[in-house]
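Notes follow once the structure below has been shown.
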Amino acid sequence: MARKYWLIKTEPSVFSIDDFKKLPNEITAWEGVRNYQARNFMREMKKGDLLLIYHSNADNTGIAGIGELVKEAYPDHFSWDKKSQYFDPGSTIEKPRWDMVDIKFVKKLKRVIELSHLKEIVSLKDMLILRKGNRLSVTPVSEVEFDIISKLA
DNA sequence: GCCAACGTTGGC
DNA sequence: GCCAACGTTGGC
């Protein structure tokens with residue numbers, strides 16, 4: 001099975017590429033996804049898949065770095081933790097509704113590839129992130145798209 | 001701060 | 001099952 005590529009959004013004021021890099025083992029759980037479509041994409045992720053890390057709601061909105069999937073989808077325990085902001089009364093230990101994955105830091109791009117720049121590239125026009133009104137926090141990226149972005153970086 | 005786009009909820 | 005109301009996301 002060939003490696004797949006994904007784009008995941010994060011608000012840098014909450015968790016940025018720099019925060020990621022600073023983690024002692026450079027691995028973090030990607031919890032808190034509460035959208036079924038995004039969850040289903042997460043369930044398709046396989047170990048070794050590469051992830052574009054996108055800064056949303058930022059001064060410098062765009063792709064900021066790359067990560068790699070190290071642990072495939074498993075139940076998001078925050079969903080049954082009443083004290084968590086991600087608590088969902090519809091999710092239980094017996095019947096978890098939400099999943100999370102673990103990802104490892106790969107690299108921080110020298111410069112953020114800005115959204116305005118991505119929009120100018122014709123061959124990236126089908127990227128879900130560029131679609132007006134797109135709010136999915138996890139979206140698939142094609143190999144071609146990933147390669148183009150890698151070359152820009 | 002504004003607002004368009006979208007997902008979810010809940011009354012019927 | 002429909003759909004209006006509401007809340008959230010996220011670019012600008």
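None of these values were measured; they are calculated from a predicted model. Every chain is numbered from 1 and lettered A, B, ... according to where its sequence line falls, protein lines coming before strand lines.
For A:Trp30 and A:Asp102, the side-chain atoms include no donor-acceptor pair closer than 3.5 Å. Under the 3.5 Å distance criterion, with hydrogens and angles disregarded, a donor-acceptor pair is assigned to the side chains of A:Asp19 and A:Ser16.
Against DNA chain C, the stretch residues 83-95 of chain A makes no heavy-atom approach under 4.0 Å.
When hydrophobic clusters are built by joining Ile, Leu, Val, Met, Phe, Trp and Tyr residues whose side-chain heavy atoms come closer than 4.5 Å, directly or via intermediates, A:Ile66 is grouped together with A:Leu118. A single hydrophobic cluster is not seen to contain both A:Met45 and A:Val141; linkage of ILVMFWY side chains at heavy-atom distances under 4.5 Å, directly or through other members, places them apart.
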Could you go through nucleotides 7-12 of chain C and list every protein N or O atom that sits under 3.5 Å from one of its N or O atoms, giving the distance for each pair?
{"residue": "C:dT8", "atom": "O2", "partner": "A:Arg135", "partner atom": "NH1", "Å": "3.2"}
{"residue": "C:dT8", "atom": "O2", "partner": "A:Arg135", "partner atom": "NH2", "Å": "3.1"}
{"residue": "C:dG10", "atom": "OP1", "partner": "A:Lys9", "partner atom": "NZ", "Å": "2.7"}
{"residue": "C:dG10", "atom": "OP1", "partner": "A:Arg135", "partner atom": "O", "Å": "3.3"}
{"residue": "C:dG11", "atom": "OP1", "partner": "A:Tyr54", "partner atom": "OH", "Å": "2.8"}
{"residue": "C:dG11", "atom": "OP2", "partner": "A:Asn57", "partner atom": "N", "Å": "3.0"}
{"residue": "C:dC12", "atom": "OP1", "partner": "A:Lys119", "partner atom": "NZ", "Å": "2.5"}

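In this structure, A:Arg3 contributes its side chain and A:Asp49 its backbone to no donor-acceptor pair below 3.5 Å.
Here ring pair (Phe, Tyr, Trp, His ring centres under 6.0 Å) pairs that include residues 47-86 of chain A, with residues two or more places apart or in two chains, number zero.
A distance of 8.5 Å separates CD of A:Glu145 from CG of A:Leu130, quoted to the nearest 0.5 Å.
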